[in-house]
Amino acid sequence: MSEARSGAVVVGGGLAGLAAAVAVAKSGLATTHLVPKGPPDRRTSALMLPSVEYLETAGLVPDPAAIGHKLTQIRIIDATPRLIRAPETLFDSAEAGLPAFGWNFPNVKLAEAFEAARAGLPNLTTIETTLEDFELGGDGADLKLGNGERLRTALLVGADGKKSRVRESAGFRARENGHRQAALVCDLDLERPIGGASIEFHYEQGPFTLVPAGGNRANLVWIDDRDVLRSAQEGGKDNLALLFREKSQHLFGRIELATPAHIFPLSTLSVDIAGANGVVLVGEAAHAFPPIGAQGLNLGLRDVADLAAALAAADLAKPGFARPLSEDYARRRAADLLRTGTMVDTLFRSLLADFLPTQALRAGGLWALKLVPPLRKAAFDAGMGVR
Ligand SMILES: Cc1cc2nc3c(=O)[nH]c(=O)nc-3n(C[C@H](O)[C@H](O)[C@H](O)COP(=O)(O)OP(=O)(O)OC[C@H]3O[C@@H](n4cnc5c(N)ncnc54)[C@H](O)[C@@H]3O)c2cc1C
């Protein structure tokens with residue numbers, strides 16, 4: 001039986017995979033996208049201005065205002081009973097001379113927009129199946145698909161999430177730490193709206209964050225001990241609404257749940273390198289961390305932007321182009337992956353620290369951010385992934 005051939009195969013139909021499939025197909029390579037059927041992604045994504053600009057220029061989201069909501073302020077409230085507490089801190093995008101820090105989007109709306117961009121590309125074929133396994137060899141990879149088909153590709157793009165089959169079978173070294181914390185997400189209707197402000201109440205087990213979703217609607221991301229979240233969820237929606245009112249310090253009046261609450265397990269994952277031997281990793285296949293400072297998909301989109309740059313710099317007509325391209329991609333990603341991973345890890349540890357000197361450092365850091373303009377500017381740039 002003869003084997004089908006593709007210039008590139010993108011594995012995974014999450015947001016990173018959809019964006020990567022569009023970027024790879026736009027390079028002109030004959031591209032196959034493997035997308036198994038899955039449930040809709042109930043999360044929302046706060047995407048910083050540079051990411052949103054990328055979505056616009058890449059044709060993925062032509063009009064952010066049609067599907068998202070502007071994020072103009074970030075308010076941090078230390079809600080812990082700790083000895084050393086941080087001051088309440090407000091960051092305003094106007095202070096940085098920006099119209100907004102970014103936009104908040106429902107992931108299902110982003111997926112619809114990315115799928116619309118994918119539909120217009122004649123050299124992109126989508127197959128609704130999984131990647132079962134593959135072997136590398138002879139300037140490419142031989143793939144075995146879940147539907148029984150076989151496929152040979154020059155370039156293989158792993159966008160298959162935290163448990164990436166591509167990462168594992170290609171032998172990329174990864175470190176993963178599971179956390180005892182998880183994240184509970186749902187949409188809330190508030191009596192008093194939060195406008196364009198994202199409001200973070202910092203509790204000892206993690207932040208309770210309300211993100212603007214238009215009008216009186218807010219998206220909740222509550223990080224806490226898994227068991228605490230599970231028992232809160234089991235208490236039913238009326239009890240949850242009361243609990244949310246308490247956790248938001250009664251600042252927004254009556255609260256109602258607009259959608260059911262979903263819980264996501266949290267872990268931290270990193271790889272030593274993000275590309276080699278004609279295989280590249282994008283999105284959570286290459287990096288994952290708790291949703292603190294809204295970095296995950298922002299970083300995933302920067303992976304895709306660098307993949308597009310590596311494709312543009314390569315001679316795709318040359319046999320064996322994929323190996324040097326994957327090495328170029330790994331070089332382009334190395335500093336950003338290290339810097340962002342370290343930043344989120346440090347932030348996560350400082351938020352949960354029992355250790356008094358760490359609490360003092362964090363409180364001191366927030367005072368410094370409150371009072372010292374150059375530090376605030378540096379924090380804006382770091383949080384927004386400005387390169
Ligand atoms: C609660 C929460 C809130 C978050 N909020 C933000 C935020 O505000 N801002 C932000 O930037 N980030 C945020 N993130 C992170 C962001 O959601 C993720 O980084 C992003 O969605 C990951 O996308 P992905 O495509 O890499 O992975 P996934 O969405 O996990 O997609 C992986 C895909 O691969 C497929 N797959 C798996 N195995 C195979 C296989 N063998 N063959 C084929 N396909 C396969 C799966 O079916 C899936 O479709 C948040 C995360 C959480 C948990």
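Numbering of ligands and ligand atoms starts at 1, following listing order. Reckoned from all heavy atoms, side chains included, excluding hydrogens, waters and symmetry mates.
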Any idea which part of Ser51 is under 4.0 Å from ligand 1, heavy-atom wise: side chain, backbone, both or neither? neither

Side chain, backbone, both or neither: Pro291 near ligand 1, heavy atoms under 4.0 Å: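 Within the 4.0 Å criterion, Pro291 contacts ligand 1 through side-chain atoms alone.
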
Answer yes or no: are there more than 12 heavy-atom neighbours, outside [X] itself, under 6.0 Å from its atom [atom1]?
| X | atom1 | result |
| --- | --- | --- |
| Arg175 | CZ | yes |
| Lys26 | NZ | yes |
| Glu56 | CD | yes |

Are there protein heavy-atom neighbours of atom 3 (C) of ligand 1 below 4.0 Å?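 For atom 3 (C) of ligand 1 the answer is yes, since some protein heavy atom falls inside 4.0 Å.
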
I'd like to check atom 42 (N) of ligand 1 in this structure: does the protein have a heavy atom lying under 4.0 Å from it? yes

Val157 and Tyr329: same hydrophobic cluster, using ILVMFWY side-chain contacts below 4.5 Å?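 Same hydrophobic cluster.
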
So, 4.0 Å and heavy atoms of Thr44: is ligand 1 close enough to count as a contact? yes

Against ligand 1, does Gly300 come closer than 4.0 Å with any heavy atom?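 Judged by the 4.0 Å heavy-atom criterion, Gly300 does not count as contacting ligand 1.
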
For the residue pair [Y] / [X], report whether a side-chain donor-acceptor contact shorter than 3.5 Å exists.
| X | Y | answer |
| --- | --- | --- |
| Asn107 | Arg42 | no |
| Asn216 | Asp189 | no |
| Ser93 | Glu95 | no |
| Thr340 | Arg302 | yes |

Hey, does Arg165 come in under 3.5 Å of ligand 1, counting only N/O atoms on both sides?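 Min N/O separation from ligand 1 is not below 3.5 Å for Arg165.
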
Against heavy atoms of [X], which atoms of ligand 1 measure under 4.0 Å?
| X | result |
| --- | --- |
| Pro36 | 43 (C), 44 (N), 45 (C), 47 (O) |
| Ala159 | 32 (C), 33 (C), 34 (O) |
| Ala183 | 1 (C) |
| Leu15 | 25 (O) |
| Gln295 | 11 (O) |
| Thr130 | 42 (N), 43 (C) |
| Val11 | 42 (N), 43 (C), 44 (N) |
| Gly283 | 26 (O) |

Which protein non-hydrogen atom lies closest to [atom], naming both residue and atom, and how far is it?
| atom | value |
| --- | --- |
| atom 25 (O) of ligand 1 | Ala16 N, 3.1 Å |
| atom 29 (O) of ligand 1 | Arg43 NH2, 3.7 Å |
| atom 36 (N) of ligand 1 | Asp160 CB, 3.8 Å |
| atom 18 (C) of ligand 1 | Glu284 OE2, 3.4 Å |
| atom 9 (N) of ligand 1 | Ala46 O, 3.1 Å |
| atom 10 (C) of ligand 1 | Leu297 N, 3.3 Å |
| atom 40 (C) of ligand 1 | Leu131 N, 3.8 Å |
| atom 1 (C) of ligand 1 | Val185 CG1, 3.5 Å |

Using the six-membered ring of Phe264, assess whether NZ or CZ of Arg43 lies under 6.0 Å from its centre and within 45 degrees of the ring axis. yes

Using a 6.0 Å distance limit plus a 45 degree cone around the ring axis, check whether Lys247 lies over the aromatic ring of Phe201.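 Judged by the rule (NZ or CZ under 6.0 Å from the ring centre, within 45° of its axis), Lys247 is not positioned above Phe201.
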
CD1 of Ile255 to CZ of Arg192, rounded to nearest 0.5 Å, is 9.5 Å

Any pair counted as side chain to side chain donor-acceptor pair (under 3.5 Å), so long as it reaches residues 310-322, sequence neighbours left out: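 Of all non-adjacent pairs touching residues 310-322, none passes side chain to side chain donor-acceptor pair (under 3.5 Å).
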
Do any pairs count as a ring-ring contact (aromatic ring centres under 6.0 Å, His included) and have a residue in residues 162-190, sequence neighbours left out, and if so which ones?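 Sorted result for residues 162-190: His179-Phe348.
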
Among Gly13, Ala288, Gly14, whose heavy atom sits nearest atom 28 (P) of ligand 1?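 It is Gly14 that holds the nearest heavy atom.
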
Given Leu110, which partner from the list Leu60, Thr44, Leu47 fulfils the side chain to side chain contact (heavy atoms under 4.5 Å, CB included) test? Leu47

